[in-house]
Each structure stands twice: as structure tokens, then as C-alpha cells.
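This is a predicted model, so every value here is computed, not measured. Each chain gets a letter, A, B and so on, in the order its sequence line appears, and its residues count up from 1.
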Number of protein chains: 2
Amino acid sequence: MSEKSKFWYLKNINIFDGMDDSRMKMVEKITTMSQIGKHRPIYLPEEPSKNIYFLKEGHVKLSRLHEDGREIILDILGPGEIFGELSIVEQGGTKEIAETLDDALVCSMSKQDFENMLMDSPLLNLQLTKWMGLRLRRFEEKMSDLAFKDVTKRIISFLVRYADDFGKMKGGTVHISSFLSHQEIAYLTAASRQTVTTVLNELKGKGLIDFTRKSLTIHNFKELQALAR
Amino acid sequence: MSEKSKFWYLKNINIFDGMDDSRMKMVEKITTMSQIGKHRPIYLPEEPSKNIYFLKEGHVKLSRLHEDGREIILDILGPGEIFGELSIVEQGGTKEIAETLDDALVCSMSKQDFENMLMDSPLLNLQLTKWMGLRLRRFEEKMSDLAFKDVTKRIISFLVRYADDFGKMKGGTVHISSFLSHQEIAYLTAASRQTVTTVLNELKGKGLIDFTRKSLTIHNFKELQALAR
DNA sequence: CAAAGACTGTCGGCTATCCGACAAATGAGG
DNA sequence: CCTCATTTGTCGGATAGCCGACAGTCTTTG
């Protein structure tokens with residue numbers, strides 16, 4: 001993979017693949033790069049963001065709040081992913097919060113510039129379409145998890161997916177150095193904080209995982225994965 | 001709205017807006033139109049569909065099955081919407097079922113043709129992008145409903161949205177002539193059939209709605225809407 | 001128009017999970 | 001190293017909603 005494409009790498013697709021150099025220069029011109037510390041908001045609901053964001057490094061969580069303090073984390077994005085109001089139609093602003101999880105490097109550009117860029121490069125637009133299709137698929141997956149699985153399975157599903165994104169695999173074991181708080185996991189899995197604590201300790205008791213406040217080890221990835229269905 | 005654009009009307013966006021006539025002719029050439037009766041499958045999981053579909057008339061439900069007979073309906077699509085494997089990346093086929101709810105008119109075209117068409121028309125592609133953004137938003141909405149609301153509110157939410165799509169508004173009352181079975185509503189709201197029956201009868205008892213096996217009347221739309229939060 | 005099949009209504013028991021409460025453990029900052 | 005704030009662990013009570021069962025009602029079709 002070339003430097004250029006590595007830069008804009010997307011989990012499954014590189015949206016800038018096949019883009020010529022002159023265009024890449026243009027892209028970098030209309031883009032503002034910013035380093036953002038951990039646990040900082042990028043945009044808030046009711047504060048309609050006029051920008052589209054690319055995540056170059058780090059991770060960002062997208063969540064929604066409810067009137068009472070409850071929260072649900074819709075998705076965690078990794079390097080290369082895009083967020084912001086992709087459908088320019090609405091004006092009301094999003095109901096989403098975007099917030100960094102760790103130190104992140106974010107490129108932003110105006111919706112207008114983004115739109116122009118898409119109009120200018122059919123290939124880029126097509127890649128974006130495919131990527132959005134994948135994102136829709138991810139949401140579908142999460143929705144059916146919510147509908148079909150009990151809390152334990154949802155938490156295991158989460159651990160597996162999270163390990164996939166953040167972990168270092170070594171043999172069958174996966175180690176993750178930046179773990180989330182139980183509350184955060186609760187938001188992700190639509191469970192209560194106490195239940196998360198209990199379930200994690202059950203899994204620890206069965207020797208499937210080990211964890212501290214800021215790290216997680218999955219002893220047998222395949223085995224855990226199998227328990228999620 | 002011109003005949004042409006009415007033909008391809010999308011709920012919120014007309015993806016063929018601004019398309020010149022010669023291109024529209026081409027579109028119609030690579031497209032196969034078919035009339036499909038009610039409650040017929042369009043594609044099934046593990047039977048990877050090589051096509052992209054446009055819904056011209058009628059309604060289609062997209063759902064997922066679980067090993068045990070359980071089902072969740074992810075979305076109900078109306079005239080003008082697009083479905084199929086929009087992200088061409090995956091080869092495994094979808095886990096989705098697409099099935100007509102009523103008599104439908106569906107246009108299908110091969111993924112390849114669709115992709116070529118998008119490459120050929122940046123504007124079209126951009127419209128598609130916006131539309132997919134809206135679809136993502138709809139999924140987000142459904143996910144937070146699942147996380148935050150109890151069954152009663154989820155059912156009310158469903159009624160309101162369904163009435164919006166299918167109903168005829170007259171004053172403050174909405175009448176819907178093609179209502180779903182309680183089981184179907186259960187699948188949509190991730191509830192059990194019995195609970196749906198009970199909740200609907202509670203709402204009837206409070207004079208908010210009336211229903212028979214195949215019709216629904218909402219007496220005061222605004223009032224019901226307010227109860228969903 | 002009769003018989004079979006599908007849908008609706010209702011009940012009672014059951015259980016997963018939430019929620020409040022509080023104590024213990026850990027970590028951060030002065 | 002002490003203090004305060006945050007996170008984790010555990011318990012018991014409350015309950016929403018699931019599930020099986022079964023009866024009643026409507027629909028379809030031969």
C-alpha cells in the first residue's frame with residue numbers, strides 16, 4: 001500500500017484509492033487537520049456541524065443522549081472513517097455527540113467542499129457509497145444484537161469486536177491496553193453499569209478473560225467469539 | 001414535479017433530479033421492471049443477490065432471522081427507495097430478507113450496471129450518498145428507541161411512523177386501511193406478540209386508537225405522537 | 001357453507017435485568 | 001503520603017415483559 005493510501009486508509013475500503021496526485025494535493029488544501037486530546041467533544045447535538053470529518057488517527061465514539069442522563073453509544077470509529085452529517089438534506093442538526101476516546105487526529109472540511117469534491121471525482125463518491133453501505137450493515141448487526149441477544153451475549157459481542165479493533169493478538173490471546181469503564185461498556189451494550197460489572201466478573205471467574213481498570217486480556221479469542229451467538 | 005421525477009420519487013430526495021432525458025432513457029434500458037404480489041420474497045439470506053432494487057410502488061420490509069424462529073424487521077421501505085447490497089465489497093451475501101408487504105412494482109438492475117451508472121453521473125451518486133445518510137439516521141433513531149424506550153413507547157413510535165407512511169390524514173385523525181398483524185408489529189418493535197396485543201388494547205381503551213384486523217385509526221395524531229417520548 | 005388455518009385476547013408464572021444503596025478499591029493531585 | 005473523586009463490587013427488592021397455554025374470533029378455500 002502506498003504512503004498516500006495508507007494515510008487515508010479505511011477499515012475495509014480506501015476511499016482515496018486510485019485518486020491522482022493533483023487531486024490529493026487539492027484534498028489536503030481544503031482540509032484542516034487538528035490534534036484532539038482524549039475525551040473531548042468534536043460536535044454536540046443541536047449544534048449543527050457544518051463540517052465533515054475524517055479520522056486519521058485514534059478513535060471516536062458517536063452517541064446519543066436521552067433526557068434523563070441515559071446514553072447509548074451508536075458506534076466507535078477507527079482510523080480512516082468518516083463522520084458528520086453525511087446527508088446534507090437536514091438542517092436541524094444531528095442528535096449525535098461525537099467525542100474522542102483517545103488522542104485523535106481529525107481532518108475536517110466544509111460540507112460544501114466535500115460535496116464539490118464528490119462531484120468532481122466519481123470514483124471517490126463510489127467508494128464513499130460502498131463505505132456507507134458497510135456502515136449500514138454494521139448498524140443492522142447492532143440492531144439485531146439488541147433484539148435477539150441477552151446482556152451477556154451483547155457484552156461478549158462487544159468484547160470481541162473491541163478486541164478486533166484495539167487489541168494486539170498473540171497466539172490465541174488478545175491484549176488491550178486502553179479499556180473502557182464499565183459505565184462506557186454499559187452505554188455500548190444498552191445494559192446497566194452493575195450488570196456489566198457482574199457479567200465481566202463471571203467471565204473472569206470462568207477464566208475466559210482478565211481485566212484491570214485499564215486493560216483487558218482475552219485468553220482464547222475463538223472460544224469467546226463462539227459464546228456470542 | 002415532472003412525470004419523470006415523480007416516477008423516481010424518494011421520500012426525501014429525488015435521486016434522479018436534474019438528470020437529463022437521454023440518461024433517463026438509458027436507465028430505463030438497463031432496468032427490469034416486475035410486478036410482485038403481496039408477501040413474496042425478493043431476496044433471501046445466503047442467496048447473495050447480484051442486483052440492486054428500486055421500489056416504484058408498494059412497500060417492502062427488510063428483516064433478519066435468528067436461529068430460533070425469531071425475526072426483527074429492520075425497516076419498511078416505501079416508493080422510491082433503494083435496497084439490495086449497496087456495499088459491493090462483501091461477497092458473503094446478506095443476512096437480510098427482503099419481502100413485499102403489499103403489491104409492489106420493483107425495478108432491478110445488476111450491481112455492475114448500477115455502479116457504471118453512478119460512475120457516469122456524479123449528481124446521481126451524490127443524491128444516493130445523501131439518501132444513504134438519511135437511512136443511517138433512520139437506523140440510529142431505531143437503535144436509540146430500542147435502547148431507551150419501553151415496549152409501549154416503541155409501539156406508539158411505530159404507529160406514528162407507520163401512519164405517516166401509509167395513512168390518510170383527515171383533520172387530526174389518520175386512517176390506515178392496510179394494517180399489520182400483531183406478530184408483524186412485534187417483530188418491528190422487538191416485543192412479543194402477546195404484549196403487542198395488550199398494549200394496542202390499552203390504547204384502544206384510552207380512546208386513542210381504534211383498530212380491526214386490517215385497519216387502524218388514530219384519533220388524535222398529535223396527542224399520540226406526544227406519548228412516544 | 002363447513003372445516004381448517006390464521007389471528008387475537010387473556011391469564012399466571014417466571015426470570016433477566018434494572019435500580020438504589022452502600023462499601024471497597026483504585027487513581028490523581030496537592 | 002493523605003485526601004478526594006471516580007470506579008468497581010455486591011446485595012436485595014421491584015418489575016417489565018417473556019413464554020406457554022388455551023379459548024374465542026375471523027378468513028380462506030375447497
Response to the item:
Which of B:Lys149, B:Lys142, B:Arg229 passes side chain to side chain donor-acceptor pair (under 3.5 Å) with B:Ser157? It is B:Lys149

Practice prompt. Decide yes or no, distance alone: a donor-acceptor N/O pair under 3.5 angstrom between the base of D:dT25 and the side-chain of B:Arg213.
Written response: yes

Practice prompt. Starting at atom CZ of B:Arg154, determine the distance to atom P of D:dA16, rounded to an integer number of angstrom.
Written response: 14 Å

Fill in: A:Asp150 CG - D:dG17 P separation (whole Å)
17 Å

Practice prompt. Starting from the 5' end of DNA chain C, give me the residue, A:Lys214 or A:Val196, whose nearest nucleotide shows up first.
Written response: A:Val196

Item to complete: Can you figure out which of D:dG20, C:dG9, D:dT10 approaches the side chain of A:Thr198 most closely?
Response: D:dT10

Fill in: Closest to side chain of A:Arg193, choosing from D:dT10, C:dG9, D:dG17
D:dT10

Discussion item. Check the phosphate of C:dT8 against B:Thr197, side-chain N and O only, distance under 4.0 Å to OP1 or OP2. Yes or no?
Written reply: no

Worksheet item: What integer distance in Å separates A:Ile72:CD1 from C:dC18:P?
Response: 13 Å

Item to complete: Mind calculating the distance between NZ (B:Lys149) and C1' (D:dA16) to the nearest angstrom?
Response: 17 Å

Worksheet item: How long is the line joining NZ of A:Lys38 and P of C:dA28, in whole Å?
Response: 10 Å

Item to complete: Report the relative orientation of the aromatic rings in A:His66 and B:Phe148; use parallel for angles under 30°, tilted for 30 to 60°, perpendicular for over 60°.
Response: parallel

Discussion item. Does B:Lys214, at its NZ atom, have more than 12 non-hydrogen atoms belonging to other residues, nucleotides or ligands within less than 6.0 Å?
Written reply: no

Worksheet entry | Distance in angstrom units between B:Ile155 CD1 and C:dT8 C1', rounded | 14 Å

Worksheet entry | Whole angstrom value for the distance that separates P of D:dT8 from CD1 of A:Ile185 | 8 Å

Discussion item. For B:Phe83 and B:Tyr53, take the angle between the two ring planes, folded into 0 to 90°, and tell me which bin it lands in: parallel under 30, tilted 30 to 60, perpendicular over 60.
Written reply: parallel

Worksheet item: Of all the nucleotides listed (C:dA21, D:dG17, C:dA28), which has the minimum atom distance to the side chain of A:Gln194?
Response: C:dA21

Worksheet item: Under 4.0 angstrom, heavy atoms only, what part of the nucleic acid is B:Ala186 near: base, sugar-phosphate, or nothing?
Response: nothing

Fill in: Output field: ring centroids B:Phe166/B:Phe179 closer than 6.0 Å
no

Worksheet item: Between atom CG in B:Leu216 and atom P in C:dC7, what is the gap in whole Å?
Response: 18 Å

Worksheet entry | Out of D:dG9, C:dG9, C:dG20, whichever nucleotide has its closest atom nearest the side chain of B:Asn201 | C:dG9

Worksheet item: Does C:dA6 have OP1 or OP2 sitting under 4.0 Å from an N or O in the side chain of B:His182?
Response: no

Worksheet, complete the sentence: Picking from D:dT10, D:dT7, C:dT10, the nucleotide nearest the side-chain atoms of A:Ser181 would be D:dT7

